[in-house]
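Every value quoted in this text rests on a predicted model; they were computed, and no experiment measured them. Order of appearance sets the numbers: ligands from 1, and atoms from 1 within every ligand.
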Amino acid sequence: MTHEIVVIPGDGIGQEVTPAAVEVLEATDVDLEFVEAEAGDAVQEATGEALPQETYDLAAEAEATLFGAVGETAADVILPLRDAVDSFVNVRPAKAYPGVDAVRPETDMVFLRENTEGVYAGHEDRLTDDVSTLTRVVTESASRELAEFACEYVAGDDHDGVTIAHKANVMRETDGLFRDTVVDVADDNGVETDEVLMDAFATRVCLDPTQFDVVVCPNLAGDVLSDLAAGLVGGLGLLPSANIGHERALFEPVHGSAPDIAGEGISNPAATIISAAMLLEYLGYDDQAAAIHTAVEETLEDGPRTPDLGGDAATEDVTEAVIDRL
Ligand code: GGG
């Protein structure tokens, strides 16, 4: 069976790491057909539209989409693309790899981030020169959907339960609803929960990341705390993600377009290649996905490595090394 995969490289290093991940996918025996589509800052500049309708429609119809990165147009591209695939959770594993110089080499956790609301729902207003406002939306239904996914996620593997990171002591109505709903759903499913205020999480995860395994968070908290975890494992070049919807999904590295190094050919493709492995898992190709994970792990351990990991290799060198190990 041929799977159609929409590929949206986007801006900056998205133009380097996305083709690298496609090369790795092409080196597997999975029958994939790639359809490239445009989005991002450059398209906005050229056409006035950061996310062309054609790109949105392709993502809304494909089984899976592989996305790179965008810069200033993140809100106009990433949020609608997540909407196109009807995604309710952003799965962000953060783990340290042998051989990579990590602040906390014992880190191994996954963030299950609410993907549709919170402050990223976009209800922002500029009322006067002096005043701007933002309405934060949290619904019981979206919190429930995320919690149900979290319960299924922990049931499938060796997990003790979930940690809910929130700020319900201050945002009582919104994070209170989020926290109470996740606890209710977990109780109904026999899944243990513990809770931590998101600011305390930031401290505790730096001191001892082994306290955390599966972390369920509202949208903004999940975005920020997973980037923090990236700092513990060696940088954003290592964090993949999957935006899971009901019938389709979108895979992307956690990092952005990194304009400071874009065009130099030295961006770390690991996060996007691991995102591509998650795409294969999503399609049911567990063996091929596992082979990519192993090849990336071996490459991170033995090299070559890009400059963000202390090496001097190019994106292409790392990509070839992963493919050679497949
Ligand atoms: N890899 C996608 C990308 O460009 N991420 C940067 C970003 O701003 N992300 C915001 C988010 O994940 O909500």
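Using a cut-off of 4.0 Å between Lys/Arg side-chain N and Asp/Glu carboxylate O, Arg82 and Glu252 are scored as salt-bridged.
Annotation: Arg82 places an N or O atom under 3.5 Å from an N or O atom of ligand 1; distance criterion only. Annotation: Ser257 places no N or O atom under 3.5 Å from an N or O atom of ligand 1; distance criterion only. Considering backbone and side-chain atoms together, Val70 places an N or O closer than 3.5 Å to an N or O of ligand 1.
Residue contacts with ligand 1 include Gly68, since one or more of its heavy atoms lies under 4.0 Å from the ligand. Heavy atoms of Pro253 come nearer than 4.0 angstrom to ligand 1 in at least one pair. Using 4.0 Å as the threshold, Val254 has a heavy atom nearer than that to some atom of ligand 1. Look at Arg92 and you'll find a heavy atom under 4.0 Å from some atom of ligand 1.
For ligand 1, the atoms lying closer than 4.0 Å to a non-hydrogen atom of His255 are 1 (N), 2 (C), 3 (C), 4 (O), 5 (N). Near Ala74, meaning under 4.0 Å from any of its heavy atoms, are these atoms of ligand 1: 8 (O). Under a 4.0 Å criterion applied to the non-hydrogen atoms of Ile78, ligand 1 contributes the atoms 2 (C), 3 (C), 4 (O), 5 (N), 6 (C), 7 (C), 9 (N).
Under 4.0 Å from ligand 1, not a single heavy atom of Glu72 appears.
By the criterion of side-chain heavy atoms lying less than 4.5 angstrom apart, applied directly or through intervening Ile, Leu, Val, Met, Phe, Trp or Tyr residues, Phe251 is not grouped with Ile8; the two fall into different hydrophobic clusters.
Dense packing is recorded around CG of Asp199, with more than 12 heavy atoms of other residues, nucleotides or ligands lying under 6.0 Å away.
Ring geometry for Phe111 versus Phe201: interplanar angle over 60°, hence perpendicular rather than tilted (30 to 60°).
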Q.
As a quick check of understanding, evaluate ring-ring contact (aromatic ring centres under 6.0 Å, His included) for Tyr282 and His3, giving each step before the final call.
A. CA-CA 12 Å; Tyr282 175 78; His3 301 275; 9.8 Å; no

